[in-house]
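Predicted model, so just to flag it, every value in this text is computed and none were measured. Residue numbers run from 1 in the order of the sequence given.
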Amino acid sequence: MLHEDLMLLCINQQNGRMLANSTSVDNALAGAVLIELVNSGRVAFEPNGKKLQVADPSPLNDRLLQEAVSRFDKPMRAQRAVERVRKKLWDNVVAQLVDRGVVRVQPRKVLGIFPAKSYLITDERAYDEVRKAVGEVAAGYRGPDERTGSLITLLYAVNAVHHVFEGDKRELKKRAKDISAGHWAGDAVRRAVEAVQGGVTAAASAAASGE
């Protein structure tokens with residue numbers, strides 16, 4: 001799932017800490033969930049493309065996605081959907097990764113006082129696979145597909161690509177910008193990703209300004 005892949009991309013394997021700030025990760029995770037819901041047909045944009053609404057209310061086997069669908073009590077713009085879906089999402093994604101045996105959560109303290117958490121990778125193969133797949137695209141070694149293109153677009157939307165991947169900051173951001181505007185997906189997926197990207201960017205800007 002995109003949200004699990006995105007969380008793995010944001011974890012520093014060396015120390016279990018996050019490579020991007022929590023607000024950026026929260027918004028990008030919400031965008032990933034929305035893309036999954038649109039791709040599954042459970043949520044769709046109105047004909048004018050302005051608002052997201054539930055298109056198929058039938059239950060989902062995935063509890064995290066089902067909870068996200070339940071946040072749609074009415075049609076809403078992408079920014080509002082991101083803000084709704086991101087609530088408790090971090091913990092729910094981590095819980096799924098823990099259940100799958102990919103991550104282990106370890107308590108720690110900042111400055112010896114403030115409680116925090118480290119996310120230790122316990123399935124290196126799963127971690128390496130997603131970092132290799134997306135990293136090669138971010139570095140320009142191969143072209144994006146729906147999965148890698150969506151993930152890089154979400155990271156670009158929250159200005160986190162250069163935090164997640166090593167390399168020249170300017171080149172990484174330029175390549176990510178080109179990918180986010182590219183044609184690596186079908187029209188329906190492309191429109192969904194563009195709308196969600198706009199919602200993620202707006203939500204991140206609002207959070208940064210304290211609105």
Side-chain angles (χ1 to χ4, degrees), residues 1-40 49 78-79 82 86 89-90 93 97 100 102-103 119-121 123-205 207-208:
M1 295 258 180
L2 286 177
H3 42 282
E4 292 183 354
D5 288 346
L6 194 141
M7 179 62 87
L8 289 177
L9 289 173
C10 293
I11 295 175
N12 184 329
Q13 187 181 21
Q14 302 303 314
N15 57 24
R17 300 180 185 182
M18 302 307 292
L19 295 167
N21 67 70
S22 59
T23 300
S24 295
V25 177
D26 273 338
N27 287 314
L29 286 173
V33 168
L34 289 176
I35 291 172
E36 289 284 3
L37 291 176
V38 172
N39 287 346
S40 72
Q79 178 182 347
V82 168
R86 74 186 178 195
L89 183 57
W90 180 302
V93 174
L97 290 171
R100 285 179 46 207
V102 180
V103 168
Y119 304 96
L120 307 180
I121 302 299
D123 185 342
E124 293 187 4
R125 186 171 66 174
Y127 178 84
D128 291 343
E129 188 278 328
V130 67
R131 285 205 66 86
K132 181 175 185 294
V134 184
E136 287 180 350
V137 176
Y141 297 144
R142 63 185 182 92
D145 54 22
E146 288 188 7
R147 177 197 183 198
T148 56
S150 295
L151 290 166
I152 290 174
T153 296
L154 291 168
L155 291 172
Y156 175 72
V158 296
N159 194 33
V161 175
H162 61 288
H163 294 300
V164 172
F165 297 109
E166 294 182 356
D168 183 85
K169 177 179 177 180
R170 184 176 299 178
E171 289 185 4
L172 282 170
K173 293 179 74 170
K174 180 182 183 303
R175 195 172 296 115
K177 180 180 180 180
D178 291 342
I179 289 171
S180 70
H183 300 284
W184 35 264
D187 288 343
V189 173
R190 181 68 247 161
R191 287 196 299 271
V193 172
E194 287 176 351
V196 171
Q197 177 190 8
V200 170
T201 302
S205 297

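- In this structure, the separation between CG on Asn39 and OG on Ser150 is 7.0 Å, given to the nearest 0.5 Å.
- Residues satisfying the side chain to side chain contact (heavy atoms under 4.5 Å, CB included) test with Ala30, not counting sequence neighbours, are Val82, Val85, Arg86, Leu89.
- In this structure, CD in Glu166 is found 9.5 Å from CG in Leu19, a value given to the nearest 0.5 Å.
- Here Glu129 pairs with Ala133, Arg147 under the side chain to side chain contact (heavy atoms under 4.5 Å, CB included) rule; sequence neighbours left out.
- Only one option out of Val161, Val164, Leu8, Ile152 pairs with Val134 in a side chain to side chain contact (heavy atoms under 4.5 Å, CB included); it is Ile152.
- A distance of 8.5 Å separates OH of Tyr156 from CG of Asp178, quoted to the nearest 0.5 Å.
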Please step through side-chain contact (heavy atoms from CB on, under 4.5 Å) for the pair Phe165 and Leu155, ending with a clear verdict.
CA-CA 10 Å; Phe165 297 109; Leu155 291 172; 4.0 Å; yes
Run the numbers on Gln13 and Leu120 for side-chain contact (heavy atoms from CB on, under 4.5 Å), then give the verdict.
CA-CA 7 Å; Gln13 187 181 21; Leu120 307 180; over 6 Å; no
Starting from the C-alpha separation in whole Å, work towards a yes-or-no answer on side-chain contact (heavy atoms from CB on, under 4.5 Å) for Met7 and Leu29.
CA-CA 7 Å; Met7 179 62 87; Leu29 286 173; 3.6 Å; yes
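- Remark: the backbone N or O of Gly149 is paired with a side-chain donor or acceptor of Thr153 at under 3.5 angstrom.
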Verdict with reasoning, His162 to Glu171, per side-chain contact (heavy atoms from CB on, under 4.5 Å):
CA-CA 9 Å; His162 61 288; Glu171 289 185 4; over 6 Å; no
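- Between Leu34 and Ala78, the shortest heavy-atom distance links the atoms CD1-O, 4.4 Å.
- Between the CG atom of Asn159 and the CG atom of Asn27 there is a distance of 12.5 Å, given to the nearest 0.5 Å.
- Using modelled atom types, no side-chain atom of Trp184 and backbone atom of Gly143 make a donor-acceptor pair closer than 3.5 Å.
- Taking CG of Asp5 as the reference point, atom CZ of Arg131 lies at 12.0 Å (rounded to 0.5 Å).
- At most 12 heavy atoms of other shown residues, nucleotides or ligands fall within 6.0 angstrom of atom CZ in Arg125.
- In this structure, Tyr127 contributes its side chain and Leu9 its backbone to no donor-acceptor pair below 3.5 Å.
- Rounding to the nearest 0.5 Å gives a distance of 12.0 Å between NE2 of His3 and CG of Leu154.
- Residues in residues 15-37 take part in no salt bridge (Lys or Arg N to Asp or Glu O under 4.0 Å) pair, two or more places apart or across chains.
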